[in-house]
Amino acid sequence: LTIIKSIMTTDLRTEKEKERARMHKAIGDEYNRLCALQPDTSANRKFSTIAKNHGMTLMGVRNIIIRLGLYTPGGC
């Protein structure tokens, strides 16, 4: 039973995968913060701001936020 619990709690991701997950979480958190502070600002402007902060493209940030389920193109 102890071995099974150990296997179930072991994170099998590589360091690069863990770093990517941390970056995606930070981007999602920043998007949520911007939505709360600036609800009337367009999504693209928020994506652009986040992209500049993380050294990414607007489309890269947009895709991450869509995959996280925080934004639906053409929806509310």
Side-chain angles (χ1 to χ4, degrees):
L1 186 63
T2 306
I3 295 171
I4 293 172
K5 284 184 181 177
S6 175
I7 292 171
M8 297 294 284
T9 59
T10 302
D11 190 357
L12 300 176
R13 298 177 298 169
T14 65
E15 285 303 315
K16 189 171 183 175
E17 290 170 326
K18 291 175 187 176
E19 179 58 35
R20 182 177 179 265
R22 283 190 289 270
M23 181 183 69
H24 286 205
K25 182 180 180 332
I27 288 170
D29 291 345
E30 188 170 350
Y31 180 75
N32 284 333
R33 185 180 57 79
L34 286 174
C35 285
L37 293 174
Q38 301 287 331
D40 297 331
T41 304
S42 73
N44 273 351
R45 185 159 300 186
K46 292 172 192 165
F47 298 157
S48 177
T49 301
I50 295 168
K52 286 180 185 177
N53 291 344
H54 291 272
M56 297 179 64
T57 64
L58 182 142
M59 290 307 293
V61 168
R62 179 182 179 272
N63 287 335
I64 290 168
I65 291 172
I66 289 170
R67 274 190 245 125
L68 290 173
L70 301 175
Y71 174 76
T72 303
C76 296

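Remember, predicted model here, so these are calculated numbers, not experimental data. Residue numbers start at 1 and run along the sequence shown.
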Legend entry - side chain to side chain contact (heavy atoms under 4.5 Å, CB included) assessment of I65 paired with I27: CA-CA 7 Å; I65 291 172; I27 288 170; 4.0 Å; yes
Legend entry - Trace of the salt bridge (Lys or Arg N to Asp or Glu O under 4.0 Å) decision for E19 with K16: CA-CA 5 Å; E19 179 58 35; K16 189 171 183 175; over 6 Å; no
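Under the rule for a side-chain hydrogen bond (donor to acceptor under 3.5 Å, both in side chains), the partners of H54 that lie at least two apart in sequence or sit in another chain are E30. Here K52 pairs with S48 under the side-chain contact (heavy atoms from CB on, under 4.5 Å) rule; sequence neighbours left out. In this structure E17 satisfies the salt bridge (charged side-chain N to carboxylate O under 4.0 Å, His left out) test with no other residue, sequence neighbours excluded. Residues that satisfy the side-chain hydrogen bond (donor to acceptor under 3.5 Å, both in side chains) test with N44, not counting sequence neighbours, are absent from this structure.
Salt-bridge check for D29 with R33: failed, with every basic side-chain N at 4.0 Å or more from each acidic carboxylate O.
Within a 6.0 Å radius of NZ in K18, other residues, nucleotides and ligands contribute more than 12 heavy atoms.
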Counting only pairs under 3.5 Å, give me each side-chain donor-acceptor contact of residues 56-63, with atom names and distances, residues two or more places apart or in other chains.
| unit_1 | atom_1 | unit_2 | atom_2 | d |
| --- | --- | --- | --- | --- |
| T57 | OG1 | G60 | N | 3.0 |
| N63 | ND2 | M59 | O | 3.2 |

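Within the structure, ring-ring contact (aromatic ring centres under 6.0 Å, His included) contacts touching residues 10-34 (residues at least two apart or in different chains) are Y31-F47.
Between L34 and T41, the closest side-chain pair of non-hydrogen atoms is not below 4.5 Å.
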